[in-house]
Amino acid sequence: MIDTIKEILKETLSNINIFIDKPIKIDRSRHPEHGHFSTNIPLLLTKVLKRPPMAIAQDIVRSISPHPDIILKVEIKPPGFINFFLSPKALQSVVKEVLKTGSEYGRSDQGKGLNAQVEFVSANPTGPLTVGHGRQAVLGDTIARILEWNGYSVEREYYYNDAGRQMRILGYSTYIRYRQLLGYDDKIPDDHYQGDYIVDIAKKIVEKYGDRFKADHDNNIFKNSAEQTVFEDISKTLKRLDIVFDQFYNEKSLYDDGKIDHVLIKLKEKNATYEKDGAIWFRSGKYGGTEDRVLWKSVVNEATYRLPDIAYHVTKFKRGYDLIVDLFGADHHATYPDVLAGLRALGYDTSSVKVLIHQFVTLTKSGEKVKMSTRKATYVTLSELIDEVGKDIVRYFFIMRGMKSHLNFDLELAKTESEENPVFYLQYAHARISSILRNADTKGIKFTGVYDISLLKEPETLTLLDVLGEFKEIVLLCKETLEPHHLTNYLQKLATAFHKFYTEHRVLTDDEELTQVRLALVKAVKIVLANGLHLIGVSAPDRM
RNA sequence: GCCCUUGUAGUUCAACAGGAUAGAAUGGAGGAUUCCUAAUCCUUUGAUCUGGGUUCGAUUCCCGGCAAGGGUACCA
């Protein structure tokens, strides 16, 4: 509907010979008195045309040709806004469209034929996923879903490194636990992994091999068992949230097939590097990065993490994605400018890379901060959180705020207040409609598909129709901003509009005509609720 | 020190590209059901950290403070 208004406005402007270079902007009005849509174009034009905005507005409005089926009226408000009021007919038209397209309603084809990759979580397999990872996991998966809903073909990728120092420490921690189980009086160093999951891993090694490796701390069995077990646990946890990755990309493979060396050679060729103090440095600043960085160490003969990161992104380009989304926690925000600079140095156009930085979750327990550290095992795992509140609430809570907000997650609240949860409010709206439909069945009322849409005319009903029609705009907004919280906000709004309608009006009445048209309406609401919930990976129950 | 992100009702968060009277939820106070699920609805209470600037207009942009989180390694 917003596009229709935009078209009408565009046509009008060209009729009176006004041309603007910027795209025409129309907003949803914030206040009902300002109509459904409004534009500030007269205010923007006042400088160009050197005329007062109100006069421009009048010229525009006078030239808008009448569209009685769409526009009820157009108003001008100082200092120069034009407000559009939709006709009931325009608002009502959404019902038919929703019923026709059903579970496909709201999809857009803006990403049709385009490939996107979303990289997220990417935690090294050193321990169970924490609540902090949870936010990224849910955000990443939801963003992927949003892209899919907009027509993209999407791959979810998990990048990990099982070769670094962290993994050596993990292996050694496992070895110590193994020794302890065998009765030796070894102590775990403070900076090693303390979690109980390591003991479980060690137990399995004892069961299988006895004391065969008691003096063999270098044996790969420790690192490998730990890695395998931890990865299985990570995958299982993600699966509980309905998150499945298409690909796991191992950093080590970048070394194995020479990609790292190749990138370094290329960078040297482009004169993007220089040697200093025996190390190889990257002229990051020259390519839009922050400051020059070491790519190859002198003290040890190996790369810093920036080089494989660049090489990894080169593979993303080579794999031919039209859109590359990188999701990082705030602790990684210093890295990506250098990676992008490296890619630019290699001649890639980085405009297809969208780097999203999300802030951390502050975990509180009755107002008190809980510090999270994998090594010290003072974390609450994601898995435990799912045990407590369930998948739907975890998914919803992690995306209900903008990713830049320093999200506060109160454990007590999530548990004890689950009754007054926004998730239930939403799901309840869906369940209520299902219940109405069940009742219609019992009463022998059949939905004929023939209805007089003009009967949907009460204020609460028109508001509900208006909100219903906004869904498509929200899907596009989410795609453009890659911010899922617009969707949760919208669904709350839709549920509110429905609950209000429900308290004011009955669906199943003695009036057959009215019953039919209201059935059509609530069916449409049910579809949009279900589609929205599906999009964020939350279930839409028929009973509660 | 420097860099990034953030600062909005008592609390947790919105405000989509600088728009009009800053929205929700929760908490507090009061109310609604002979009828499709009261996990609902209605009324009321209450906020832009601070000082300047840009302009028709600033929560939004710029500069200076203050505060929180993160970074600033030849750690990932």
Side-chain angles (χ1 to χ4, degrees), chain A residues 22-23 25 27-31 33-34 38-40 43-44 46-47 52-53 77-81 83 122 124 126 160-161 164-167 251 277-281 290-291 293-300 302-306 308-309 329-335 337 357-360 362 367 400-410 413 417-429 431-440 442-443 473-474 476-478 480-481 483 485-486 488-489 492-493 495-496 498-500 502-509 515 518 522 543-544:
Chain A
K22 283 180 261 188
K25 187 187 163 198
D27 290 319
R28 285 237 160 218
S29 304
R30 289 211 245 188
H31 295 278
E33 306 94 275
H34 299 148
S38 59
T39 182
N40 61 348
L43 290 161
L44 299 177
T46 188
K47 264 188 192 149
K77 278 279 160 66
F81 293 100
N83 298 326
S122 295
N124 288 339
T126 57
Y160 70 100
N161 177 14
R165 202 171 62 96
Q166 291 176 44
M167 295 305 294
E251 180 182 325
D277 309 328
I280 300 173
W281 292 69
T290 45
E291 52 190 296
R293 306 285 186 180
V294 170
L295 289 180
W296 200 270
K297 305 175 194 175
S298 64
V299 285
V300 205
E302 62 180 27
T304 65
Y305 64 92
R306 281 171 221 271
D309 277 359
D331 56 336
H332 279 65
H333 81 261
T335 310
I357 307 288
H358 68 88
Q359 295 300 316
F360 283 143
T362 314
M400 68 191 285
R401 309 302 186 198
M403 70 178 84
K404 280 181 186 168
S405 77
H406 300 243
L407 186 69
N408 194 5
F409 200 110
D410 193 308
L413 220 69
E417 288 219 337
S418 59
E419 295 252 318
E420 312 209 334
N421 216 291
V423 188
F424 290 115
Y425 181 81
L426 258 176
Q427 293 180 320
Y428 183 52
R432 263 187 157 173
I433 297 173
S434 298
S435 171
I436 294 171
L437 299 179
R438 274 195 303 274
N439 281 323
T442 348
K443 289 185 179 174
E473 296 161 36
I474 298 295
L476 288 176
L477 177 66
C478 286
E480 270 150 39
T481 57
E483 279 278 16
H485 77 280
H486 292 122
T488 55
N489 287 345
Q492 286 299 318
K493 192 171 157 190
T496 302
F498 169 73
H499 284 309
K500 208 163 279 188
Y502 180 93
T503 34
E504 294 294 328
H505 308 289
R506 287 186 61 81
V507 174
L508 308 175
T509 62
T515 302
R518 285 194 176 155
V522 297
R543 285 171 209 276
M544 287 181 75

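Letters A, B, ... mirror the listed sequences (proteins, then strands); counts begin at 1.
A:Ser298 places none of its side-chain heavy atoms less than 4.5 Å from the side chain of A:Asp277.
Between A:Lys500 and the phosphate of B:rC42, there is a side-chain N or O to OP1/OP2 separation shorter than 4.0 Å.
Nearer the 5' end of RNA chain B, as judged by each residue's closest nucleotide, is the contact made by A:Gln359, out of A:Gln359 and A:Ala334. If you find the closest nucleotide of RNA chain B to A:Gln492 and to A:Ser435, the one lying nearer the 5' end belongs to A:Gln492.
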query = side chain to side chain contact (heavy atoms under 4.5 Å, CB included) between A:Tyr425 and A:His499: does it pass, once the steps are laid out?
reply = CA-CA 9 Å; A:Tyr425 181 81; A:His499 284 309; 3.4 Å; yes

task = Would you check, one step at a time, whether the test side chain to side chain contact (heavy atoms under 4.5 Å, CB included) holds for A:His486 with A:Thr481?
result = CA-CA 9 Å; A:His486 292 122; A:Thr481 57; 3.5 Å; yes

task = Take A:Arg543 and A:Arg438 through the side chain to side chain contact (heavy atoms under 4.5 Å, CB included) test and state the conclusion after the steps.
result = CA-CA 10 Å; A:Arg543 285 171 209 276; A:Arg438 274 195 303 274; 3.4 Å; yes

request  = Decide yes or no on side chain to side chain contact (heavy atoms under 4.5 Å, CB included) for A:Gln359 and A:Leu407, but give the supporting numbers first.
outcome  = CA-CA 7 Å; A:Gln359 295 300 316; A:Leu407 186 69; over 6 Å; no

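B:rG53 sits 15 Å from B:rG18 when the C1' atoms are compared, rounded to a whole Å. Rounded to whole Å, the C1' atom of B:rU5 lies 16 Å from the corresponding atom of B:rU60. Only the C1' atoms considered, B:rU6 is 13 Å distant from B:rC13, to the nearest whole Å. Taking atom P in both B:rC49 and B:rU55, the straight-line distance is 23 Å, to the nearest Å. Spacing between B:rC56 and B:rG51 at atom P, rounded to whole Å, works out to 24 Å. Rounded to whole Å, the P atom of B:rU26 lies 11 Å from the corresponding atom of B:rC42. Taking the C1' atom of each, B:rG46 and B:rA38 are spaced 27 Å apart, rounded to whole Å. Between B:rG57 and B:rU12, the distance separating the two P atoms is 34 Å to the nearest Å.
Using a 4.0 Å heavy-atom cutoff across all strands shown, A:His358 reaches no nucleic acid atom at all. Using a 4.0 Å heavy-atom criterion, one finds that A:Ala440 contacts no nucleic acid atom at all. Using a 4.0 Å heavy-atom cutoff across all strands shown, A:Ala279 reaches at least one base atom of the nucleic acid. Within the 4.0 angstrom heavy-atom criterion, base atoms lie near A:Asp277. Contact annotation for A:Tyr425: backbone-only contact, meaning every heavy-atom pair under 4.0 Å involves sugar-phosphate atoms and none involves a base.
Nucleotide B:rG51 forms a pair with B:rC63, judged by Watson-Crick or G-U wobble geometry with both contacts under 3.5 Å. The partner of B:rU43 is B:rA29, by the rule that a Watson-Crick or G-U pair needs both atom distances under 3.5 Å. The pairing partner recorded for B:rG23 is B:rC13, the criterion being a Watson-Crick or G-U wobble arrangement whose two distances lie under 3.5 angstrom.
Interface remark: the A:His333 side chain does not form any donor-acceptor pair with the B:rG71 base, using a distance-only criterion of under 3.5 Å.
In this structure, A:Arg432 is positioned above the aromatic face of A:Tyr502, its NZ or CZ under 6.0 Å from the six-membered ring centre and within 45° of the axis.
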remark   = Contact string for nucleotides 11-21 of chain B, one letter per nucleotide 5' to 3', B = base within protein heavy-atom range under 4.0 Å, S = sugar-phosphate only, - = neither, reads -BSSSBB-BBB

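Contact between A:Ala330 and A:Ile357 at its shortest, heavy atoms only, is CA-CG2, 3.8 Å.
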